[in-house]
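Since the structure comes first, as C-alpha cells, the remarks are kept for the end.
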Amino acid sequence: MPQSKNDALPRLRFLTCGSVDDGKSTLIGRLLYESSSVLDDQMDAVANESSKFGTQGDSVDLALLLDGLQAEREQGITIDVAYRYFSTKQRSFIAADAPGHEQYTRNMATAASNSDLAILLVNAKSGLLPQTRRHARIVSLLGVRHCILAVNKMDLVGHDEKTFTQIADEFQTFAKALEFQSINSVPVSALNGDNLFTASQHMPWYKGSSLIDLLETIKIETGQAQAPFRMPVQYVNRPNSEYRGFCGTVASGSVKVGEEIVVLPSAKTTRVKEIAGPSGTVETASSNQAITLLLEDEIDISRGDIIAAVDAPTAVADQIAAHIVWMDEASMLPERPYTIRFHSMSCIAQVTDLVHRIDTNTGKKIASKKLELNEIGYCKLSLDREAAFDSYSENRQTGSFVLIDRYTNATVGAGVIDFALRRASNIHWQETRVDKEQRARMNDQKPCLLWFTGFSGSGKSTIADRLEQRLQSLGRRTYLLDGDNVRHGLNHDLGFTDQDRVENIRRVAEVAKLMVDAGLIVLVSFISPFKAEREMARGLVADDEFHEIFVDTPLEVCEARDIKGLYKKARAGELKNFTGIDSDYEVPENPEILLKGAEEEIDVLVDQVLTKLGIN
Amino acid sequence: MADNLDFLESESIHIIREVAASFANPVMMYSIGKDSAVMLHLAMKAFHPGKPGFPLLHVDTTWKFGEMITFRDAEVKRLGVKLITHINPNGIENGVGPFSHGSKVHTDVMKTEGLKQALKAHKFDAAFGGARRDEEKSRAKERVFSFRNAAQQWDPKNQRPELWNLYNTEISKGESVRVFPLSNWTELDVWRYILREKISLVPLYFAKERPIVIRDGMMIMVDDDRIPLEPDEKPMMKRVRFRTLGCYPLTGAIESDATTVEEIITELEQDRTSERQGRMIDHDQIGAMEQKKREGYF
C-alpha cells in the first residue's frame with residue numbers, strides 16, 4: 001500500500017458521477033487496483049463474490065470492491081455513496097462513488113458537497129444523456145469547479161477518435177452555462193485500464209494526459225486560504241473560571257495573535273489574546289485548523305456566532321435567498337417550519353417563497369408550488385432570528401445549510417446561500433405602549449387560543465359554536481374563527497392541496513395570534529390535518545395560552561353523518577384531497593383536551609372544555 | 001503548510017467537539033486498540049486545557065488479552081479520565097465464550113448485546129466509535145454521525161444525507177447516534193499519527209516471541225489456560241505481533257520482526273493483506289459486518 005511521500009499537494013477529494021451502467025464503480029475499483037490499494041485478501045473476497053454476484057462472467061468484477069451493501073450487491077447497482085481512500089506517490093485521494101439512478105440524486109449532491117473535482121462518466125456508445133447533464137448541473141451548483149469528462153467504454157466503439165471528439169465538444173458547449181473553471185476530457189476503458197494509469201495503445205491519436213496524471217497534477221485553488229478570516233464558534237471551553245476559550249474550525253483565511261476581530265451577529269469587536277492549536281499555543285492559525293481562541297475582552301459569545309476579520313464581516317440577516325436540493329419523500333412545502341442548520345447554529349426557517357424550480361435536464365426555470373424529492377428550487381427563506389453567514393460562492397463552509405424535519409428529524413434538504421435579503425433590515429418592529437397584559441386586564445379575562453382539530457364532520461364547529469355561546473353567557477369576550485367561513489374571505493384564494501392547506505393554517509394562526517394579543521378568547525375550528533402546522537400555531541402564542549382540542553370522532557362516524565355531503569363527493573372522486581379519504585390526517589399525540597365526539601352529548605363535551613380551562 | 005495528518009486531526013477534533021456541544025450524555029467507546037488510543041488522544045486535545053466531559057466505555061467480553069486490561073487501567077489513571085466497564089451478566093450466567101459457543105454467538109452476546117445493555121442503562125445519546133471507512137466495505141458507506149433507532153438498530157438504506165461538515169444532531173427520546181471521528185483515516189494514517197504524536201500502545205502490537213497455536217488457519221496466542229489444547233499439543237514460540245486487538249481466541253497474529261512504530265509503517269507499506277484479515281468475526285458469512293452493524297454492533 002504505497003502512501004504519498006509528497007504531502008505538499010493537499011489531499012484531493014473527488015466524486016465520480018454519471019448515468020447508470022457508465023461504469024463508475026468499475027472505474028474506482030480499477031483506480032484502487034492499479035494504485036495497489038487493493039490487498040490480497042480483499043481481492044480474494046471479491047473473486048469469491050464475483051462468482052456469486054459478478055456481472056463480468058468468469059473474470060473478477062472490480063465494481064464489487066465498492067458496492068458494499070448487500071442490497072447493492074444483489075441488485076448490481078450503487079444505492080449509496082461509498083468513500084474510498086488511495087494514494088499514489090504524488091498525492092492522496094478520497095474518492096466518493098455516487099449513485100447514478102435518478103432517485104438517488106440526493107446522495108450525489110452529498111458526495112459533491114465535499115469534493116473539489118468531479119469525474120463525470122459518459123458511455124461512449126450512448127453519448128451525453130439527460131442524466132449526465134443533470135449531474136453536471138448539480139455538481140456545479142454545489143461548488144465543484146473542476147470537471148474531468150471520462151468517455152468510458154471506448155472499446156465498445158472501436159476506440160474511435162471521432163466519437164470521442166464529438167462527445168467532448170458537445171459537453172464543452174453544454175457546460176459553458178455552468179461554472180466549471182476547468183474541463184478535461186479523456187477517452188478511457190475502465191474495464192481494460194486504457195488511459196487510466198498509462199497511455200492507451202489502442203488510442204494513439206489521444207495525446208492528452210492519462211486520468212491519474214490529471215488527478216495527480218490538477219491544482220485546486222479554492223481561495224479558502226486567501227478569503228477573509230471566519231471561524232464559526234462551535235463550543236465554548238470553560239474548564240475553570242479563568243479560562244474561556246472559543247473553539248471552532250477556521251472556515252477560511254487566517255488569524256494572528258493581537259489582531260482585531262468582530263463577533264457576528266452581535267458586531268462586538270475585540271482582539272485575539274491567544275491561539276491554541278491542536279498541538280499547543282501558536283501565533284497564527286489558518287483554514288481547516290481546529291483551534292481555540294482566547295480574546296482580550298469578556299464579550300458575550302456563544303455557539304453559532306461567527307468570529308470574523310474586522311474589516312470583512314459576514315452578512316447578518318433573518319431572510320436569505322438560496323438554492324435548495326430536496327432530499328425527502330415528503331415534499332417541501334412553503335411556509336412549513338423546518339429546523340435549519342448552518343455552520344454551528346440551528347434555528348427555525350420557513351420557505352416564504354419558492355421563486356422557481358430548476359429543470360435539471362434543461363436548466364429551465366419552472367413555476368412550482370412545492371419541491372419533490374431530488375428537485376432543485378430557488379427559494380427565499382425566513383429565519384426566526386438573525387444569523388451570520390456568507391454566500392456559498394464566497395465560502396462553502398459558512399454559505400451552506402441543511403434543512404431538518406422537526407418531527408422525523410430527517411435531513412430533508414440541502415441549501416447553498418445566494419445572498420442575504422435586504423428586506424429584513426428594512427422592516428422593524430414598531431414598539432407599542434399598550435401591551436397584551438393591559439388589554440387582558442381591560443377585558444378582565446385570560447386570553448387564550450382554543451384550537452379545535454379533527455375530521456370534517458367530527459363536530460368541531462358545532463362544539464365550538466356551543467362553547468362560544470356558553471362563554472358569552474359567562475361574560476367572556478370571544479371570537480370564533482371557522483374554517484369554512486374564513487375560506488369565504490381571507491382565504492378565498494386558497495384550494496385544498498397540501499401547500500394551500502399549510503398557507504390556510506398559517507394565515508388563520510396569525511389572525512388568531514393578533515386576537516389573543518387583543519385580549520380575546522379565540523376559538524379556531526379547522527380540520528388542520530398536519531401536526532407541523534398545529535405546532536406552528538402553538539409557537540405563535542405563549543405556552544399556557546394554547547389549548548389543542550382534538551375532537552376524536554372516528555372517520556366512519558363522520559362519514560356516516562356526512563352533513564355537508566362531502567364524503568360522498570370525495571368517495572365518488574369529485575372532490576380531491578379530502579382529509580381522511582385521499583389526504584392524510586396526522587392524529588395529535590398529546591392534545592391538551594381530548595373530546596370523544598361520537599360518545600358524548602354536546603353539552604357534556606362543552607363542560608369538559610370549560611372544566612379544563614378552569615371556567616365554570 | 002498543513003499536511004494530510006494535520007487535516008485529519010482537525011477534522012476529528014471538530015467532530016468530537018460537535019458531539020460535546022450537541023448531546024446531553026455522550027460516551028466514548030474505548031476498545032483499548034490503536035484506533036481507540038488515537039481517538040482518546042484527539043479527545044484530550046479537543047478540550048485542552050480541560051478534560052473530555054464524557055466517560056469512556058469498555059465492553060469487556062472477559063476474553064480480551066490480559067495485557068490489554070493492564071494497559072487500559074494504566075492509561076485511564078495516567079490521563080485522569082472516567083472509565084465505565086460493562087460485562088454482559090447474561091453471558092456470564094450462561095457461560096458464553098468463544099470456545100464453547102463459537103465466534104458468532106460469543107460476539108453477539110458479549111459484544112453487541114453487552115454494548116446495547118450498557119448504552120441503554122446509562123441512557124447515552126451519542127457514542128463515539130473508532131471505526132474507519134477503509135476497514136470494511138459496509139463501513140465505507142456509513143455516516144460520520146450514524147443514526148440509531150430506539151432499538152439501537154442501523155438502517156443502511158435510510159441513512160441521513162451528510163453534506164459539508166454539517167452534521168444532523170437531532171434525535172428524539174430513546175434514539176441515539178454513533179459517531180465515528182476517524183471515518184476518513186486509513187490504517188497508515190493512524191500509524192503515522194501514532195508515530196508523530198508518540199502515542200503509547202498495548203505492547204501486543206509489537207513483535208515478540210509469543211506462545212502460539214494454530215486454529216482455523218490462524219495463529220492464536222495462548223494468553224491463559226482457558227484455551228483447549230489437544231492432548232499432545234504444545235504451543236510453539238513464534239516471533240509475532242497483532243495488527244488489531246480483540247478477544248484473544250478470535251484474533252490472529254502475524255509473523256513479524258517489527259518492534260517499533262517506524263518498522264510497522266515500513267511493514268505496512270509493503271504489505272499485501274488488510275488488517276481485518278486477522279478477524280474471525282468478519283468472515284462468518286458474506287455481508288457479515290453489515291449484518292452485525294444492523295443489529296447494533298459498532
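The model shown is predicted, which means the values in this text are computed figures rather than measured ones. Lettering of chains follows the sequences in order, A, B, ..., and the numbering in each one begins at 1.
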**OP:** For this output row, return yes or no: ring centroids of F389(A) and F401(A) closer than 6.0 angstrom.
**Re:**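 So the answer is no for these two rings.
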
Subject >> Ring-ring centroid check F124(B) F54(B), cutoff 6.0 Å >> reply: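 For F124(B) and F54(B), the ring centres are not under 6.0 Å apart.
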
Which atoms of [X] are under 4.5 Å from chain B, going by heavy atoms: the side chain, the backbone, both sets, or neither?
{"X": "R341(A)", "result": "both"}
{"X": "N237(A)", "result": "side chain"}
{"X": "Y83(A)", "result": "both"}
{"X": "A410(A)", "result": "backbone"}

When you compare the side chains of [X] and [Y], does any donor N or O come within less than 3.5 Å of an acceptor on the partner?
{"X": "Q224(A)", "Y": "N288(A)", "answer": "yes"}
{"X": "R148(B)", "Y": "S146(B)", "answer": "yes"}
{"X": "E170(B)", "Y": "T339(A)", "answer": "no"}

Original post:
Is it true that E267(B) and R241(B) have a side-chain N and a carboxylate O under 4.0 angstrom from each other?
Top reply: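 Counted as a salt bridge, because a side-chain N and a carboxylate O are separated by less than 4.0 Å.
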
**OP:** Measure the spacing between OG1 of T398(A) and CD1 of I417(A) and express it to the nearest 0.5 Å.
**Re:**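 These two atoms lie 8.0 Å from each other.
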
Using a cut-off of under 4.5 Å on heavy-atom pairs, state which of [options] scores highest against chain A.
{"options": "P49(B), A21(B), S22(B)", "answer": "P49(B)"}
{"options": "R143(B), E11(B), H48(B)", "answer": "R143(B)"}
{"options": "K51(B), E18(B), E175(B)", "answer": "E18(B)"}
{"options": "A46(B), P161(B), G53(B), S172(B)", "answer": "P161(B)"}

Who among [options] has the most heavy-atom pairs with chain B under 4.5 Å?
{"options": "P239(A), S115(A), P278(A)", "answer": "P278(A)"}
{"options": "R303(A), R238(A), R406(A), M327(A)", "answer": "R303(A)"}
{"options": "V236(A), I291(A), I94(A), N240(A)", "answer": "I291(A)"}

**OP:** With a 4.5 angstrom heavy-atom cut-off, could you sort out which part of Y167(B) is near chain A: side chain, backbone, both or neither?
**Re:**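 It is the backbone, since no side chain atom gets that close.
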
Subject >> Contacting moiety of L8(B), where chain A heavy atoms sit under 4.5 Å >> reply: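 Side chain of L8(B) only, per the 4.5 Å heavy-atom cut-off to chain A.
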
**OP:** Test L42(B) against every option in I199(B), I15(B), I16(B) by the side chain to side chain contact (heavy atoms under 4.5 Å, CB included) rule and name the one that passes.
**Re:**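 Per the side chain to side chain contact (heavy atoms under 4.5 Å, CB included) rule, the option paired with L42(B) is I16(B), out of I199(B), I15(B), I16(B).
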
Original post:
Backbone N or O of E187(B) within a donor-acceptor pair of the D134(B) side chain at under 3.5 Å?
Top reply: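 Between the backbone of E187(B) and the side chain of D134(B) there is a qualifying donor-acceptor contact (under 3.5 Å).
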
